[in-house]
Number of protein chains: 2
Amino acid sequence: MILDEMDKQLLLLLQEDSKQTNKALSNALGLSVTAVYERIRKLENNGIISGYVALVEKKKVDKSFVAFCHVKLVQHSQDYVVRFEKEVRKLDEVLECYHISGDYDYLLKVLVKDMAAFREFMVNKLTNIDHIGSTHSMFVINEVKHTTAISL
Amino acid sequence: MILDEMDKQLLLLLQEDSKQTNKALSNALGLSVTAVYERIRKLENNGIISGYVALVEKKKVDKSFVAFCHVKLVQHSQDYVVRFEKEVRKLDEVLECYHISGDYDYLLKVLVKDMAAFREFMVNKLTNIDHIGSTHSMFVINEVKHTTAISL
DNA sequence: GCTGAAAACAAATTATG
DNA sequence: CATAATTTGTTTTCAGC
């Protein structure tokens with residue numbers, strides 16, 4: 001599917017606030033309500049919009065500690081990789097996990113209550129996964145920017 | 001604000017899919033529609049729900065290249081720090097930026113089309129910001145997990 | 001804080017130019 | 001594509017417990 005400027009503008013607006021009415025969107029874009037409605041359905045059906053979610057304020061729900069954690073496996077056999085990825089997906093504390101280039105194999109973004117909870121997470125959850133060789137953690141001192149919106 | 005189990009369940013559901021109707025939520029929670037409605041409003045007014053957004057599928061909009069980029073400043077004077085953070089917030093390619101502990105000062109999550117676009121970003125945008133000492137980039141080979149939902 | 005029902009509003013469908 | 005009219009469904013308000 002090829003996106004024209006209207007689609008891009010529409011996605012931009014919906015990535016900012018998905019609770020806007022089609023009327024508000026139609027005003028912002030200079031389209032009719034029906035046109036906006038059809039474009040949104042098309043974007044949904046093509047999987048360009050993958051879903052709609054509520055965003056929760058970390059600090060207000062007592063999850064103020066973010067860490068990035070590098071993980072290296074002892075071996076890179078297919079089996080170990082699949083097993084590690086499966087286990088890590090199950091961990092609620094892990095918001096993101098990437099297989100990356102460089103000295104380590106994986107980079108995890110971990111969200112917990114505080115440093116004590118992070119220690120708990122490392123000792124009882126993460127390093128309980130088999131075949132982890134080594135880890136290296138970096139702690140977030142301040143979140144400078146955080147957006148879910150992709151620029152188009 | 002103290003969250004009871006109902007609030008937590010509700011937040012869980014809304015973080016999965018914010019387009020569910022209050023009726024569907026009331027069924028899932030065993031509450032009346034009005035009770036659900038009032039709880040949601042309270043969560044919004046207390047800033048626990050910070051907003052509702054549409055999620056866009058990266059790969060479908062030709063943004064398939066994710067990199068994590070460490071940045072070190074030449075100095076850590078208040079002035080340099082403020083300036084860097086201000087500039088980096090303006091860059092659309094930077095989805096996340098964290099001030100972190102460790103050898104580097106910042107960790108950025110960067111989203112672009114491809115490696116060529118990343119090079120372009122580094123040369124023309126990021127390293128154009130004053131007072132950057134050094135950078136070190138890691139490329140995402142595979143996204144194993146990515147969620148916006150905070151577990152409660 | 002909860003319920004159930006009414007009123008207000010928006011989404012979704014259909015018809016028409 | 002846009003508009004308008006309609007139905008269907010959802011949100012919001014309100015009286016009462």
Side-chain angles (χ1 to χ4, degrees), chain A residues 1-64 113 147-152, chain B residues 1-63 147-152:
Chain A
M1 179 184 178
I2 290 160
L3 303 176
D4 65 14
E5 270 309 310
M6 278 296 177
D7 290 322
K8 290 180 184 177
Q9 281 300 317
L10 180 53
L11 285 173
L12 224 60
L13 292 167
L14 289 173
Q15 284 186 107
E16 291 294 317
D17 177 10
S18 62
K19 277 277 156 87
Q20 291 172 87
T21 63
N22 292 345
K23 182 131 191 292
L25 293 167
S26 75
N27 282 336
L29 296 171
L31 287 176
S32 71
V33 174
T34 312
V36 169
Y37 171 74
E38 281 167 355
R39 278 171 185 268
I40 292 175
R41 286 213 70 94
K42 202 167 166 192
L43 291 166
E44 288 169 355
N45 292 335
N46 283 286
I48 288 165
I49 294 174
S50 61
Y52 299 90
V53 300
L55 298 178
V56 168
E57 201 63 44
K58 286 194 279 298
K59 285 167 195 166
K60 298 244 176 169
V61 293
D62 208 17
K63 302 274 179 182
S64 298
K113 183 184 176 190
T147 179
T148 55
I150 295 172
S151 81
L152 306 154
Chain B
M1 178 184 177
I2 290 160
L3 304 176
D4 66 14
E5 270 309 309
M6 277 296 177
D7 290 322
K8 289 181 185 178
Q9 280 299 317
L10 181 53
L11 285 173
L12 225 59
L13 292 167
L14 289 173
Q15 285 186 105
E16 292 293 317
D17 177 10
S18 63
K19 276 278 155 88
Q20 291 173 85
T21 63
N22 291 345
K23 184 138 191 287
L25 293 166
S26 75
N27 282 336
L29 296 171
L31 287 176
S32 71
V33 172
T34 311
V36 168
Y37 172 75
E38 281 170 351
R39 278 172 184 267
I40 293 173
R41 285 216 70 93
K42 202 168 165 190
L43 291 165
E44 289 168 354
N45 292 335
N46 282 286
I48 287 164
I49 294 174
S50 60
Y52 300 90
V53 300
L55 298 178
V56 168
E57 201 63 45
K58 282 194 280 297
K59 285 167 195 165
K60 298 244 176 170
V61 293
D62 207 17
K63 301 276 179 182
T147 179
T148 55
I150 296 172
S151 80
L152 306 155

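If you're wondering where the values come from, they're calculated on a predicted model, not measured in any experiment. Keep in mind that the numbers below use all heavy atoms, side chains included, and drop hydrogens, waters and symmetry copies. Order of the sequence lines fixes the chain letters, A, B, ..., with proteins taken first and strands second; residue numbering starts at 1 for each chain.
- Between A:Tyr37 and C:dA10, a side-chain N or O to OP1/OP2 separation shorter than 4.0 Å is absent.
- Between B:Asn45 atom CG and C:dG1 atom P there is a gap of 13 Å when expressed in whole angstrom units.
- Side-chain atoms of A:Lys23 do not come within 3.5 Å of backbone N or O of A:Val33 as any donor-acceptor pair.
- Taking only side-chain nitrogens and oxygens, B:Asn22 comes nearer than 4.0 Å to OP1 or OP2 of D:dT11.
- In the interface, the side chain of B:Thr34 is not paired with the base of C:dG1 through any donor and acceptor atom under 3.5 Å apart.
- At the phosphate of C:dG1, OP1 or OP2 sits under 4.0 Å from a side-chain N or O atom of B:Lys42.
- One finds no side-chain N or O of A:Arg41 lying less than 4.0 angstrom from the OP1 or OP2 phosphate oxygen of C:dA11.
- In this structure, CG of B:Asn27 is placed 11 Å from P of D:dT10, rounded to the nearest angstrom.
- Whole-Å rounding puts the B:Lys23 NZ to C:dA10 C1' distance at 17 Å.
- Distance alone, capped at 3.5 Å, places no donor-acceptor pair between the B:Ser26 side chain and the B:Ser32 backbone.
- Taking atom CG of B:Leu10 as the reference point, atom P of C:dG1 lies 14 Å away to the nearest angstrom.
- A donor-acceptor pair is defined here as one N or O able to donate and one able to accept, closer than 3.5 Å; such a pair exists between the side chain of B:Asp4 and the backbone of B:Met6.
- Between the CD1 atom of A:Ile40 and the P atom of C:dA12 there is a distance of 9 Å, given to the nearest Å.
- In this structure, the nucleotide among C:dT3, C:dA10, D:dA2 sitting nearest to the side chain of B:Leu31 is C:dT3.
- Separating the CD atom of A:Glu38 from the P atom of D:dC1 is a distance of 10 Å, rounded to the nearest angstrom.
- Side chain of B:Glu44 to main chain of B:Ser50: no donor-acceptor pair is present (N/O by atom type, distance under 3.5 Å, no hydrogens or angles).
- Distances were taken from every side-chain heavy atom of A:Thr21 (C-beta onward) to each of C:dC2, D:dT3, C:dA10; the shortest belongs to C:dA10.
- In this structure, the side chain of B:Asp17 engages the main chain of B:Lys19 through a donor-acceptor pair within 3.5 Å.
- In this entry the distance linking OH of B:Tyr52 with P of C:dA10 reads 16 Å, nearest Å.
- Remark: C1' of D:dT11 and CG of B:Leu14 are 14 Å apart, rounded to the nearest angstrom.
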